[in-house]
Amino acid sequence: MFEEEKQKIANWLLNPDHPESLSLEEAEERLRTLSLWKVYEEIEVPLFPILKDMSATGIRLDHSRLASLAKELKDEIAKETKEIFALAGGEFNLNSPKQVADILFTNLGLKPLKKNSKSGTSSTDYETLVSLKAAHPIVEHLLKSRELIKIEGTYVSKLLSAPERIHAVFNQMGAATGRFSSHDPNMQNIPPVVKQVFIPSDGFTFVSLDYSQIELRLIASLSGDETMIAAFKKGIDIHRLTASKIFKIPLQEVDDRMRGMAKTLNFGIIYGMGSVAFSKQAGVTRKEAEAFIKEYFKNFSAIKNYEEDIVMQALQVGYTENIHGRKRFLPDLASRNSFLANNARRAAINMPVQSLGADVIKLAMIKFWEKYHANSSVKLLLSIHDELLFEIKDSKIDLVIPDLIKIMESVLSLSVPLKVDVAKGKRWSDLS
DNA sequence: AACCTCACG
DNA sequence: ACGTACGTGAGGTTC
């Protein structure tokens with residue numbers, strides 16, 4: 001069954017960045033020699049019909065709520081546009097970064113923050129506009145209009161012409177790390193304001209189950225870092241703990257700003273972030289950023305060792321892999337171009353973590369499917385990296401939720417428990 | 001088609 | 001001198 005798809009999946013597993021087109025037999029032979037057979041047979045192949053069914057089910061749209069949201073947005077956009085043209089002293093195309101740059105940096109004499117790397121023109125992106133907020137009143141209106149135009153143009157106006165149910169396509173070979181991607185439309189990047197237009201089928205309730213801090217739990221387990229493992233086992237707020245370590249203060253003295261910085265650092269570490277990026281993100285000097293990162297790795301030394309080992313191994317064999325053998329080849333690691341080599345280095349650090357996260361949710365979907373695919377009271381609607389959105393018949397909710405949690409939390413056994421948070425409600429924007 | 005910008009995990 | 005946090009999809013402008 002579905003031989004053609006199996007062939008695509010097999011080829012993609014062999015090299016996600018550059019899938020070849022070996023015959024099914026050749027590809028399966030190579031999967032065996034590369035220890036990818038289990039990922040192929042136990043994860044990717046069973047997943048194919050599940051994704052098909054998820055798309056076929058679709059998610060219901062509340063067209064009357066959508067219409068009122070659309071009107072609201074259009075009115076606000078018109079208002080902002082009028083303000084902007086008045087302050088600029090003339091009309092221009094708000095969607096043209098070139099014309100926005102002309103207004104800001106030529107007509108109004110504001111100072112550019114940075115140049116675009118490819119074209120050399122002055123950037124007008126979010127970061128730039130935020131830095132210019134105090135310099136001219138037009139800037140905050142530009143920020144607001146960008147936000148509104150994005151939401152209206154990319155999401156709301158596209159949904160207006162959609163049927164009652166949205167059937168997005170989920171691609172199991174969408175990302176080189178093993179994550180899904182979604183398109184037509186992309187249901188994995190719906191902004192909070194737009195979520196209000198999605199509602200469950202009659203007699204059903206949305207139930208969202210998401211893995212709490214899954215990537216941080218995974219890197220704690222993979223690296224064997226005792227400090228972080230102990231924190232997760234005890235259920236301590238991990239960002240708070242991190243803040244107390246890098247600021248060298250007791251847990252009780254951690255304030256929101258410190259916790260926020262620690263959170264940035266915790267996520268940044270998974271991506272191989274350096275001191276320049278951290279200083280920018282956290283709003284501290286580069287020197288301070290260096291000190292924080294140093295202190296971080298002093299306290300979580302196993303994570304530092306783990307990341308160094310990953311890079312060393314990747315340099316030797318030319319790829320990184322996760323504990324299931326899922327691989328990503330990174331030829332740029334050996335590049336003399338340091339930009340390319342550094343990008344590959346960070347991708348190498350991130351891959352074993354992000355891809356294991358992808359495996360966790362894929363395994364959960366398969367376990368769910370084995371038990372529930374014939375049960376018309378429970379429908380899987382969306383899979384969003386660390387979250388599964390279901391609709392469940394109202395009368396079955398209390399029965400089913402604990403079982404879904406159990407399924408999701410027990411797909412893998414690691415040094416750290418997997419934790420799932422639940423929220424339910426009659427609108428996607430309104431889950432609690 | 002390349003580029004910039006920006007939505008999400 | 002310069003630029004770096006991973007992974008996506010999508011809209012518009014410019015050439």
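This structure is a prediction, so every number in the text was calculated from the model and none was measured. Just the heavy atoms: all of them, side chains too, but no hydrogens, waters or symmetry mates, feed the values below. In the text below, chain A, chain B and the rest are named by the order of the sequence lines, each starting its count at 1.
Among the heavy atoms of the strands lying under 4.0 Å from A/Ala176 are primed sugar atoms or P, OP1, OP2 only; no base atom is included. A/Lys118 comes within 4.0 angstrom of sugar-phosphate atoms only, judged by non-hydrogen atoms across all strands, and of no base. Contacts of A/Pro192 with the nucleic acid, taken as non-hydrogen atoms under 4.0 Å apart, involve only primed sugar atoms and P, OP1 or OP2.
Look at CZ on A/Phe170: it is 12 Å from P on C/dG9, rounded to the nearest Å. Between the CG atom of A/Asn350 and the P atom of C/dG7 there is a distance of 6 Å, rounded to whole Å. Following rounding to the nearest Å, A/Asp421 (CG) and B/dG9 (P) show an atom-to-atom distance of 14 Å.
Heavy-atom nearest nucleotides on DNA chain C were determined for A/Pro97 and for A/Phe180, and the one closer to the 5' end corresponds to A/Phe180. Between A/Arg328 and A/Asn95, the residue anchored closer to the 5' end of DNA chain C is A/Arg328, taking for each the nucleotide with the nearest heavy atom.
Checked against C/dT13, C/dG11, B/dG9, the side chain of A/Thr154 finds its nearest nucleotide in C/dG11. Here B/dA7 is the nucleotide among B/dC4, B/dG9, B/dA7 with the atom lying nearest to any side-chain atom of A/Glu147. Out of B/dC8, C/dA5, C/dG9, the shortest distance to the side chain of A/Thr264 is found at C/dA5. Closest to the side chain of A/His183, from the set C/dG9, C/dG3, C/dT8, is C/dG9. Here the nucleotide nearest the side chain of A/Asn93, chosen from B/dA7, C/dT4, C/dT13, is C/dT13. Of the candidates C/dA5, B/dC8, B/dT5, B/dT5 carries the atom nearest the A/Arg146 side chain, counting heavy atoms from C-beta on. Set against C/dC6, C/dT4, C/dG11, the side chain of A/Lys158 has C/dG11 as its closest nucleotide. With distances taken from any side-chain atom of A/Asn186 to the nucleotides C/dG9, B/dC8, C/dC6, the minimum falls on C/dG9. Among the nucleotides C/dT14, C/dC6, C/dT4, the one closest to the side chain of A/Lys98 is C/dT14.
Interatomic distance, A/Asp386 CG to A/Asp421 CG, rounded to the nearest 0.5 Å: 10.0 Å. One distance of note links CG of A/Leu34 with OH of A/Tyr319; it measures 6.5 Å at 0.5 Å rounding.
Going from the C1' atom of C/dA5 to that of B/dA2 covers 24 Å, rounded to whole Å. As rounded to the nearest Å, B/dT5 and C/dT4 have P atoms that lie 12 Å from one another. Taking the P atom of each, C/dG3 and B/dC4 are spaced 13 Å apart, rounded to whole Å.
A/Tyr40 and A/Trp37 have tilted rings, their planes meeting at an angle from 30° to 60° on a 0 to 90° scale. Ring pair A/Phe48/A/Phe2 is tilted by interplanar angle, where 30° to 60° counts as tilted. Using the six-membered ring where Trp is involved, A/Phe267 and A/His239 have ring planes that are tilted, between 30° and 60° apart.
Side-chain to base pairing of A/Gln188 with B/dA7: no donor and acceptor N or O lie closer than 3.5 Å to each other. Taking only distance into account, the side chain of A/Asn343 never meets the base of C/dT4 through a donor-acceptor pair shorter than 3.5 Å.
For A/Thr124 and B/dT5, the shortest distance from a side-chain N or O to OP1 or OP2 is below 4.0 Å. Contact annotation: A/Ser119 reaches the phosphate of B/dC4 (side-chain N/O to OP1 or OP2, under 4.0 Å). For the pair A/Arg346 and C/dT4, the criterion of a side-chain N or O lying under 4.0 Å from OP1 or OP2 is not met. Dashed line: the shortest gap from a side-chain N or O of A/Asn116 to OP1 or OP2 of B/dT5 is under 4.0 Å. Regarding contacts with the backbone of C/dT14, a side-chain N or O of A/Ser96 is found under 4.0 angstrom from either OP1 or OP2. Applying the 4.0 Å criterion to OP1 and OP2 of C/dG9, one finds that A/Ser181 has a side-chain N or O inside that range. Put simply, A/Gln99 has a side-chain N or O that comes within less than 4.0 Å of OP1 or OP2 on C/dT14.
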DNA chain C in dot-bracket form (Watson-Crick or G-U pairs under 3.5 Å, [ ] crossing, | inter-strand) is .....|||||||||.
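Results of the salt bridge (charged side-chain N to carboxylate O under 4.0 Å, His left out) test with A/Glu391 over A/Lys426, A/Arg165, A/Lys379, A/Arg60 single out A/Arg165 as the only residue that passes.
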